[in-house]
Amino acid sequence: MASAIPTAMERPHFIGIGGAGMSGIAKILAQRGAQVAGSDAKESATAEALRSLGATVHIGHAAEHLAADATCVVVSSAIRADNPELARAAELSVPVVHRSDALASLMGGLRAIAVAGTHGKTTTTSMLAVALTELGLDPSYAIGGDLEGPGTNARHGEGDIFVAEADESDRSFQKYDPEVAIVLNVELDHHANYASMDEIYDSFETFVGKVRPGGTLVIAADQPGAVELTKRVRDLSSLNVVTYGESETADVRVHKVTPRGLTSEVTVLLNGKFLTFTVSVPGRHYAHNAVAALAAGVALGIPAHNLASALGKYTGVKRRLQLKGEAKGVQVIDSYAHHPTEMTADLEAMRGAASAADSPAGRLLVVFQPHLFSRTQELGKEMGEALALADLSVVLDIYPAREDPVPGVTSALIIDAAKAAGATVTAVHDKSTVPDVVAGMAAPGDLVLTMGAGDVTDLGPAILARLSN
């Protein structure tokens with residue numbers, strides 16, 4: 001079993017403590033008894049949740065927020081070098097720890113499952129966390145999003161399993177040494193950190209190479225990047241490789257996925273036997289995520305039929321096709337999708353959900369906010385083509401997050417590509433006007449999908465309120 005608090009993390013200070021990854025680590029440390037402190041740019045429900053666990057959370061970044069007796073400062077790759085708290089840490093000779101190293105230390109002594117891939121990490125990690133909890137195994141987990149059920153992105157459990165989302169964006173997942181690694185897919189993304197697919201493959205190979213001797217890699221059998229990675233790591237003598245998917249050669253074969261409204265029924269062939277279970281979120285890609293979670297749990301020795309039943313208790317993660325509400329016969333759903341593959345998968349899932357409903361299918365309206373200038377520059381054409389799956393689209397300005405603007409890179413790259421693909425698109429530069437624009441478009445029976453990794457998620461309630469009025 002792991003020690004209660006890793007060495008040198010008794011009094012950690014988190015810069016950007018409200019972030020999805022950072023807050024999860026802070027929560028687990030607080031639950032283990034550490035004196036957690038940190039700062040964030042603005043007040044949030046996450047900051048309040050941390051305070052309820054005994055953490056000290058400052059709003060804004062200032063040198064005086066760092067206590068003199070802090071044992072370490074935890075940062076993510078998003079923290080800039082000129083942050084005043086980081087400068088103060090240097091003055092006080094307080095060790096600076098990257099978020100990934102902090103998470104790795106929390107896994108020490110536990111049976112870790114690390115979930116990696118360009119898409120689907122949060123969902124698959126969440127499915128495992130819910131299912132293992134349902135089975136009474138009391139896992140610890142750290143997720144990049146809030147579960148609908150427990151309402152948290154992290155928890156310290158008393159069991160011997162730790163489930164963690166493994167982020168490839170800055171190569172930080174190379175710090176982990178899990179007993180089971182899941183690779184859902186391998187695609188080119190995070191263009192500020194990776195220049196080519198070869199660099200992506202090299203990074204994933206390093207991650208897989210860190211699996212503990214005798215451990216297991218669970219990897220997709222259908223996705224081209226995952227298939228290529230499987231070829232590259234097959235010769236690792238200490239690694240058990242388990243493939244999953246619809247391919248006839250998959251070790252865990254997805255035999256059938258049947259849409260049932262906002263759920264799916266999945267049948268898999270595992271160890272020569274058919275097993276059918278329910279996935280309580282729509283879409284074939286989420287069904288595949290559930291099968292990956294099933295294969296990982298079986299690799300840890302959990303009976304497949306027990307785990308399959310428990311996976312049905314998963315009801316979703318915030319921002320992963322999350323139903324925000326309904327007004328005047330119009331459903332509003334929120335999606336975190338920001339890469340073309342994710343966008344396509346979620347749009348197809350919504351089409352499938354609509355066609356599986358009892359009432360006649362309405363139209364699919366999308367409010368899309370591009371995320372990052374670098375991603376838009378590289379994948380704007382593909383994003384626009386994905387929007388052609390919608391009946392009507394509203395495209396906002398680029399959400400910059402951690403990036404500075406790039407000359408010539410705007411949402412027009414996406415809009416032009418969408419129109420070329422036959423999409424009907426409206427450009428909206430003032431986000432506050434979106435509820436009025438959508439209300440003017442929507443009719444009873446329609447689905448409205450707010451989509452993107454930025455603050456487009458805030459529009460769901462405002463759209464519902466406008467529709468109600």
Side-chain angles (χ1 to χ4, degrees), residues 113 115 117 119-135 143 147-149 163 180 182-185 216-223 226-227 242-317 320-323 333 335 337 341-342 344-358:
I113 303 176
V115 183
H119 329 289
K121 295 184 291 293
T122 297
T123 298
T124 308
T125 309
S126 302
M127 287 175 167
L128 276 164
V130 169
L132 296 174
T133 300
E134 177 70 17
L135 292 174
I143 307 171
L147 290 172
E148 287 277 53
V163 188
V180 178
I182 298 176
V183 175
L184 302 164
N185 36 60
T216 301
L217 168 65
V218 174
I219 188 165
D222 305 325
Q223 198 271 328
V227 172
V242 175
T243 60
Y244 73 93
E246 297 179 33
S247 169
E248 293 287 341
T249 63
D251 298 311
V252 182
R253 185 159 68 85
V254 180
H255 177 70
K256 189 177 183 181
V257 178
T258 305
R260 300 196 183 283
L262 292 178
T263 69
S264 298
E265 185 178 87
V266 186
T267 299
V268 298
L269 181 61
L270 173 64
N271 296 329
K273 297 180 180 180
F274 286 104
L275 181 65
T276 299
F277 61 101
T278 298
V279 179
S280 299
V281 284
R284 183 173 293 272
H285 58 306
Y286 289 127
H288 279 236
N289 292 160
V291 175
L294 177 70
V298 170
L300 285 184
I302 300 168
H305 63 282
N306 292 349
L307 191 56
S309 176
L311 282 167
K313 300 298 182 181
Y314 167 82
T315 57
V317 183
R320 272 66 176 181
L321 295 186
Q322 179 189 9
L323 178 63
I333 296 168
S335 164
T341 302
E342 300 166 342
T344 299
D346 277 4
L347 289 167
E348 288 178 343
M350 287 296 91
R351 283 248 176 252
S355 63
D358 294 332

| Nearest heavy atoms of G283 and A349, plus distance in Å | CA-CB, 3.6 Å

| field | Spacing of I333 atom CD1 and D346 atom CG [to the nearest 0.5 Å] | value | 9.5 Å

| query | With distance as the sole test, does T276 use its side chain to make a donor-acceptor pair with the main-chain N or O of T267 at under 3.5 Å? | reply | no

| said: So, taking the atom named CG in L184 and the one named NE2 in H285, what distance separates them when rounded to the nearest 0.5 Å? | reply: 11.5 Å

| task | Give a yes or no on whether the backbone of G312 and the side-chain of S280 come within a donor-acceptor separation of less than 3.5 Å. | result | yes

| remark: Taken to the nearest 0.5 Å, the spacing of H119 NE2 from T344 OG1 works out to 9.5 Å

| said: I need the minimum non-hydrogen distance between L128 and A293, along with the two atoms involved. | reply: CD2-O, 3.4 Å

| request: Could you pull out the closest heavy-atom pair between A304 and L294, with the gap in Å? | output: O-CD1, 3.6 Å

| query | Could you go step by step and tell me if V257 and V279 meet the side-chain contact (heavy atoms from CB on, under 4.5 Å) rule? | reply | CA-CA 10 Å; V257 178; V279 179; over 6 Å; no

| field | From CD (E248) to CG (L269), nearest 0.5 Å | value | 9.5 Å

| query | Are any non-hydrogen side-chain atoms of V281 and M127 less than 4.5 angstrom apart? | reply | yes

| query | If you take all heavy atoms of S264 and P259, which pair is closest and at what distance? | reply | OG-CA, 4.3 Å

| query | Below 4.5 Å, heavy atoms only, C-beta onward: do K273 and L275 meet side chain to side chain? | reply | no

| note | For A226 and A220, the nearest pair of non-hydrogen atoms, with its separation, is CB-O, 3.5 Å

| request: With rounding to the nearest 0.5 Å, note down the distance linking CG in N185 to NE2 in H288. | output: 11.5 Å

| Given I219, V227, L217, the one that forms side chain to side chain contact (heavy atoms under 4.5 Å, CB included) with T243 | I219

| said: In the structure I gave you, are the side-chain heavy atoms of I143 and V115 within less than 4.5 Å of one another anywhere? | reply: no

| CG/L311 to CG/L135 distance, rounded to the nearest 0.5 angstrom? | 8.5 Å

| For residues N289 and T123, is any side-chain donor paired with an opposing acceptor at under 3.5 Å? | no

| task | Write down the atom of F277, the atom of A290, and the distance for their closest heavy-atom approach. | result | CE1-CB, 4.0 Å

